[in-house]
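The first residue of the sequence shown is numbered 1, and numbering continues consecutively from there.
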Amino acid sequence: MRYDLIIFDNDGVLVDSEPISNRLLAGYLTELGHPTTYEESVRDYMGSAMHRIHELVEERSGQRLPAEFDDIFHARVFAAFERELEAVAGAAEVLKRLDAEGIPYCVASSGSHERIRVGHRKTGLDAWFREGIVFSAEDVGRGKPAPDLFLHAAERMGVVPERCVVVEDSRLGVQAAVAAGMDAYGFTAMTPEAKLAGAVGFFGRLAELPATLGLRSVSGR
């Protein structure tokens, strides 16, 4: 493998949270007088930090979301996570394989640290993500599609950007990786290839990632 660090997006790549969070986001925005379908939420907000939701709503409507929006939305999401959230199929096996091969990896997510921790704890992926390899848009001034988060993760992990590969399932995430000077591989389980322009490769099942990056496939998947 020609990379020294694998940077995973979290939502939709490691934990199957995008259907849950976009369903709730669409419902909450509609409730607040900003009619939004599930499909529109996925199109406009998937992969973005919370500040982008506020910015787009104000840009389109001229109205600001209420000050308590983030807290209420996160409370709804976390409650749904406790009921419904599962790891993406193959996630544990891929992480176990990377550990066995001694290949460094981390997670860089638009979600808050609390959201990442809640999701990893519920799905059991916290076993693979010790302190120091989890990065959030909270750590930087701008979320995706700005490159800041990925550059921050690379710096903290001690790897130059051109030796990093990003695993992403959103348009904004791929744009951020490209802006950071990193290769991105698009996960197409939820997003078609055509919407992940800029990625250097694609895969439809997480278990295919090792082979995609030049490792053997995860056995039994």
Side-chain angles (χ1 to χ4, degrees), residues 1-15 17-18 21 42-56 88 91 94-95 98 101-113 115-116 119-120 125 128-203 206 208-210 212-215:
M1 192 179 74
R2 66 180 186 273
Y3 304 107
D4 296 331
L5 175 67
I6 300 174
I7 303 177
F8 287 97
D9 175 42
N10 189 57
D11 293 293
V13 172
L14 296 173
V15 297
S17 54
E18 293 291 7
S21 59
V42 170
R43 180 194 68 198
D44 294 340
Y45 304 120
M46 181 172 162
S48 67
M50 290 299 294
H51 68 79
R52 178 179 168 85
I53 300 172
H54 288 263
E55 291 165 0
L56 282 181
V88 170
V94 167
L95 294 169
L98 295 178
E101 296 282 347
I103 297 171
Y105 60 86
C106 66
V107 64
S109 172
S110 293
S112 66
H113 278 285
R115 177 181 172 125
I116 299 168
H120 285 183
L125 296 185
W128 284 275
F129 287 99
R130 65 188 184 279
E131 186 176 351
I133 65 169
V134 176
F135 306 101
S136 161
E138 289 182 322
D139 303 331
V140 295
R142 300 180 299 168
K144 305 168 189 177
D148 304 35
L149 176 56
F150 290 142
L151 292 173
H152 171 70
E155 181 180 12
R156 291 292 299 273
M157 297 294 291
V159 179
V160 296
E162 58 267 27
R163 297 292 300 174
C164 298
V165 60
V166 175
V167 181
E168 266 287 355
D169 71 331
S170 76
R171 173 179 57 87
L172 297 177
V174 171
Q175 290 175 351
V178 172
M182 302 175 183
D183 284 349
Y185 280 82
F187 184 30
T188 61
M190 191 169 171
T191 309
E193 290 185 17
K195 294 186 178 181
L196 298 174
V200 300
F202 304 93
F203 60 101
L206 196 56
E208 297 169 1
L209 180 63
T212 301
L213 296 180
L215 300 174

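Between Asp11 and Arg115, at least one side-chain nitrogen of the basic residue sits less than 4.0 Å from a carboxylate oxygen of the acidic one, meeting the salt-bridge criterion.
Considering every non-hydrogen atom in both Ser110 and Ala49, the closest pair reads CB-N, 3.7 Å. Annotation for Ala199 and Val174: closest pair N-CG1, 3.6 Å, computed over non-hydrogen atoms. Taking each heavy atom of Met182 and Leu151 in turn, the nearest pair found is CE-N, 4.1 Å. Across every non-hydrogen atom of Ala146 and Ala176, the tightest pair is O-CB, 3.4 Å. Nearest approach of Ala154 to Cys164, heavy atoms of both residues: CB-SG, 3.8 Å. Residues Phe129 and Cys106 come closest through the heavy atom pair CE2-C, 4.0 Å.
At a threshold of 4.5 Å between non-hydrogen side-chain atoms, the residues Val134 and Val107 count as touching. Side-chain contact between His120 and Trp128 is absent, with no heavy atoms from C-beta onward closer than 4.5 Å. Looking only at side-chain heavy atoms (C-beta outward), Val15 and Asn10 come within less than 4.5 Å of each other. In this structure, Phe8 and Leu209 have side chains that are in contact, with non-hydrogen atoms separated by less than 4.5 Å. Val94 places a side-chain heavy atom less than 4.5 Å from the side chain of Pro210. Looking at Ser48 and Tyr45, their side chains come closer than 4.5 Å, going by heavy atoms from C-beta outward.
Between the side chain of His51 and the main chain of Gly143, a donor-acceptor pair closer than 3.5 Å is present. Listed for the Ser109 side chain is no donor-acceptor partner under 3.5 Å among the backbone atoms of Ser136. No donor-acceptor pair under 3.5 Å is formed between the side chain of Glu18 and the backbone N or O of Met46. A side-chain donor-acceptor contact under 3.5 Å links Arg163 to the backbone of Arg2.
Annotation: the span from Leu95 atom CG to Ile103 atom CD1 amounts to 11.5 Å, rounded to 0.5 Å. Between the CD1 atom in Ile7 and the CD atom in Glu168 there is a gap of 10.0 Å [rounded to 0.5 Å]. In this structure, Leu56 CG and Asp44 CG are separated by 6.5 Å, a value rounded to the nearest 0.5 Å. Between atom CD of residue Glu208 and atom CG of residue Leu213 there is a gap of 11.5 Å, rounded to the nearest 0.5 Å.
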Check: residues 185-195 side-chain donor-acceptor pairs under 3.5 Å, at least two apart:
{"residue": "Thr188", "atom": "OG1", "partner": "Phe203", "partner atom": "O", "Å": "3.2"}
{"residue": "Thr191", "atom": "OG1", "partner": "Asp169", "partner atom": "O", "Å": "2.6"}

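Every ring-ring contact (aromatic ring centres under 6.0 Å, His included) that Phe135 has, sequence neighbours left out, goes to His152.
Around the CZ atom of Arg43, the shell of radius 6.0 Å holds more than 12 heavy atoms that belong to other residues, nucleotides or ligands.
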field: Tyr105 and Tyr3: CA distance, side-chain angles, deciding distance, ring pair (Phe, Tyr, Trp, His ring centres under 6.0 Å) verdict
entry: CA-CA 10 Å; Tyr105 60 86; Tyr3 304 107; over 10 Å; no

